[in-house]
Every structure is written in structure tokens, then in C-alpha cells.
Amino acid sequence: VGELIYVCPVGVPTRTRALFAKLDIDGDQRLTLDELTTGFAEEFGREPRIDLPALFAAHAHAPTPDFGERYLDLSLFNQTYAAILWAHFDENGDGFLQYAEAQRALQFIDPMPEGGEEAGGAVDVHDDGVEYETVHVATAFPADAWVDGELQLSPEWFWSVYQRMG
């Protein structure tokens, strides 16, 4: 089920490009595991719910003669970041995003500007310690995503929406 999240990206969301630039401390357009680990602790306020070294090892470019360690370029970072976001927002670890989890994930990737049309929702603090404002994101959900009356969104759905975010 999760393979589609690792295919070549169609697009890189603005937030993802900005984060890549921020984490790329030396500006060489390559993220090492150290840069990634340090940056994600700051990005999420804690370690993401994923084995970051294993994910990095599975997706990073091999060392080259001119760069002696494994690294992620923007394209690979985009894919890796999507997988990390999925794990971060799948709070119950069931392999699906329920409606509230999907709302928080979409808001995190492409936050509503202050004073936007959807402003004024309820504010919740979740186990990651971050306050999320509940807003309604206009998104089509596949018919088969409803299981026993509950929305269960797949990694494929998340990946397709993620690629189209701002």
C-alpha cells in the first residue's frame, strides 16, 4: 500500500522547498543525515514517528568521489518528507489518516493564511505539543476511503494531494 509514496514527485510544495533550503546548512543542495535529523527536531518539536536513519539510508544517494557521504537532493527530500509527514500525522499508527489527522496534515503542509476564509476554527493541542486550528479543507475523498462510516485515507491519496499543495 505504501509504495506509491516513494515514486518520483510531480511537484514539490512551497513549504517543502523552503524547509530543504533551511535544513541545507552549508548550501550545497544536499542534505546529510545530520542536517536532516537536526532540522526535523526543530520542524516538529520532537523526533518524527519514523526510523529516520533507516528511511534516509533507503532513499539517499550513495556517496560519490566528490561527496563522501549519503545525501538527499530536493527530489529525494520531497519523497522522504512526504513519508515522514505521513508517519507524523498517522497518530494512531494504523496506516491510514482519519479525517482529523488528514485535516492537520493538510493544514501543516499548506497553512491557511491569517485572516483567511477558513480562520476561526477550534484550536486543539495534540500529542506533538503543536496547536492546530481545525479548518475544513475542500478536498475530494475517494468513495472507498469510507470504512464503517469512518474516513481512512491511504498513503497513495496523501501523496497525490501532497504533490499538489502550494
Side-chain angles (χ1 to χ4, degrees), residues 1-93 95-97 100-114 116 123-133 135 137 139 153-166:
V1 174
E3 276 87 31
L4 189 56
I5 209 164
Y6 301 109
V7 299
C8 290
V10 169
V12 180
T14 302
R15 180 186 182 110
T16 305
R17 287 180 187 277
L19 181 60
F20 181 85
K22 178 181 173 184
L23 299 180
D24 185 18
I25 296 167
D26 57 11
D28 65 357
Q29 300 299 303
R30 296 181 274 218
L31 294 181
T32 64
L33 180 57
D34 287 339
E35 288 174 316
L36 197 64
T37 303
T38 302
F40 278 156
E42 184 178 316
E43 173 77 354
F44 294 113
R46 62 170 173 74
E47 291 293 318
R49 291 183 190 107
I50 198 164
D51 183 351
L52 193 55
L55 186 67
F56 181 86
H59 292 93
H61 289 291
T64 63
D66 66 322
F67 194 76
E69 55 187 309
R70 297 182 70 83
Y71 68 93
L72 298 174
D73 59 16
L74 180 60
S75 176
L76 291 177
F77 175 71
N78 187 39
Q79 297 168 50
T80 304
Y81 189 51
I84 290 165
L85 288 173
W86 175 265
H88 179 76
F89 286 102
D90 180 17
E91 293 176 357
N92 62 8
F96 295 95
L97 294 184
E101 292 170 335
Q103 289 291 322
R104 287 189 292 278
L106 294 173
Q107 183 183 9
F108 184 84
I109 297 166
D110 193 18
M112 181 71 65
E114 286 194 32
V123 174
D124 263 335
V125 177
H126 293 272
D127 67 352
D128 58 7
V130 176
E131 289 186 4
Y132 294 94
E133 182 176 356
V135 297
V137 177
T139 301
L153 298 165
S154 69
E156 292 87 359
W157 174 86
F158 180 76
W159 178 241
S160 80
V161 172
Y162 169 85
Q163 293 177 92
R164 289 162 181 77
M165 299 301 282

**Q** Within a strict 4.5 Å, meaning less than it, do heavy atoms of the Gln29 and Asp24 side chains meet?
**A**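 Yes. Closest side-chain heavy atoms under 4.5 Å.
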**Q** Report yes if some heavy atom in the side chain of Asn78 is under 4.5 Å from a heavy atom in the side chain of Pro13; otherwise report no.
**A**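 They are in contact (side-chain heavy atoms under 4.5 Å apart), so the answer is yes.
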**Q** If every non-hydrogen atom of Glu101 is compared with every non-hydrogen atom of Glu91, which pair is closest and at what distance?
**A**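 So the minimum-distance heavy-atom pair works out to OE2-N, 3.0 Å.
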**Q** Quick check: closest heavy atoms across Gly95 and Pro155, and the distance to 0.1 Å?
**A**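 Residues Gly95 and Pro155, closest heavy atoms: O-CD, 3.9 Å.
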**Q** Assess, by modelled atom type and distance only, whether the side chains of Asp34 and Thr32 contain a donor and an acceptor separated by less than 3.5 Å.
**A**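 No, no side-chain donor-acceptor contact under 3.5 Å.
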**Q** I'd like to know whether Asp73 forms a side-chain hydrogen bond (donor to acceptor under 3.5 Å, both in side chains) with Ser75, so could you lay out the CA-CA distance, the side-chain angles of the two residues, the decisive distance to 0.1 Å, and finally the verdict.
**A** CA-CA 6 Å; Asp73 59 16; Ser75 176; 4.7 Å; no
**Q** Any non-hydrogen side-chain atom of Leu55 less than 4.5 Å from a side-chain atom of Asp51?
**A**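 The answer is no; the side chains never approach within 4.5 Å.
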**Q** Could you report the tightest heavy-atom contact between Ala105 and Leu97, atom names first, then the distance?
**A**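 In this case the closest contact between Ala105 and Leu97 is CB-CD1, 4.3 Å.
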**Q** Quick check: Phe56 with Phe40 (ring centres under 6.0 Å apart)?
**A**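 No; Phe56 has its ring centre 6.0 Å or more from that of Phe40.
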**Q** Is the ring pair Phe77/Tyr81 parallel, tilted or perpendicular, if the boundaries are 30 and 60 degrees?
**A**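 Correct class here is parallel.
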**Q** Does some side-chain heavy atom of Thr14 sit less than 4.5 Å from a side-chain heavy atom of Arg17?
**A**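 No; the side chains remain at least 4.5 Å from each other.
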**Q** Please list, chain by chain and in numerical order, all residues satisfying side chain to side chain contact (heavy atoms under 4.5 Å, CB included) with Pro63, sequence neighbours excluded.
**A**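 Applying side chain to side chain contact (heavy atoms under 4.5 Å, CB included) to Pro63 gives Arg70.
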**Q** Within this structure, what is the CG-CG distance for the pair Leu36 and Leu23, rounded to the nearest 0.5 Å?
**A**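 Interatomic distance, Leu36 CG to Leu23 CG, rounded to 0.5 Å: 6.5 Å.
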**Q** Are Tyr162 and Leu85 close enough that some pair of their side-chain heavy atoms sits under 4.5 Å apart?
**A**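 In contact.
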**Q** Which atom pair, heavy atoms only, marks the closest approach of Ala102 to Leu153?
**A**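 Ala102 and Leu153 have their closest heavy atoms at CB-CD1, 3.5 Å.
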**Q** Any side-chain heavy atom of His61 within less than 4.5 Å of one from Leu72?
**A**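 With C-beta onward as the side chain, the pair stays apart.
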**Q** Determine whether Phe96 and Asp90 make a side-chain contact, defined as any pair of heavy atoms from C-beta on separated by less than 4.5 Å.
**A**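 Of all side-chain heavy-atom pairs linking Asp90 with Phe96, none is under 4.5 Å.
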**Q** Could you check whether Glu35 pairs with Arg30 (Lys NZ or Arg NE/NH1/NH2 to Asp/Glu carboxylate O, under 4.0 Å)?
**A**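 No, this pair does not count.
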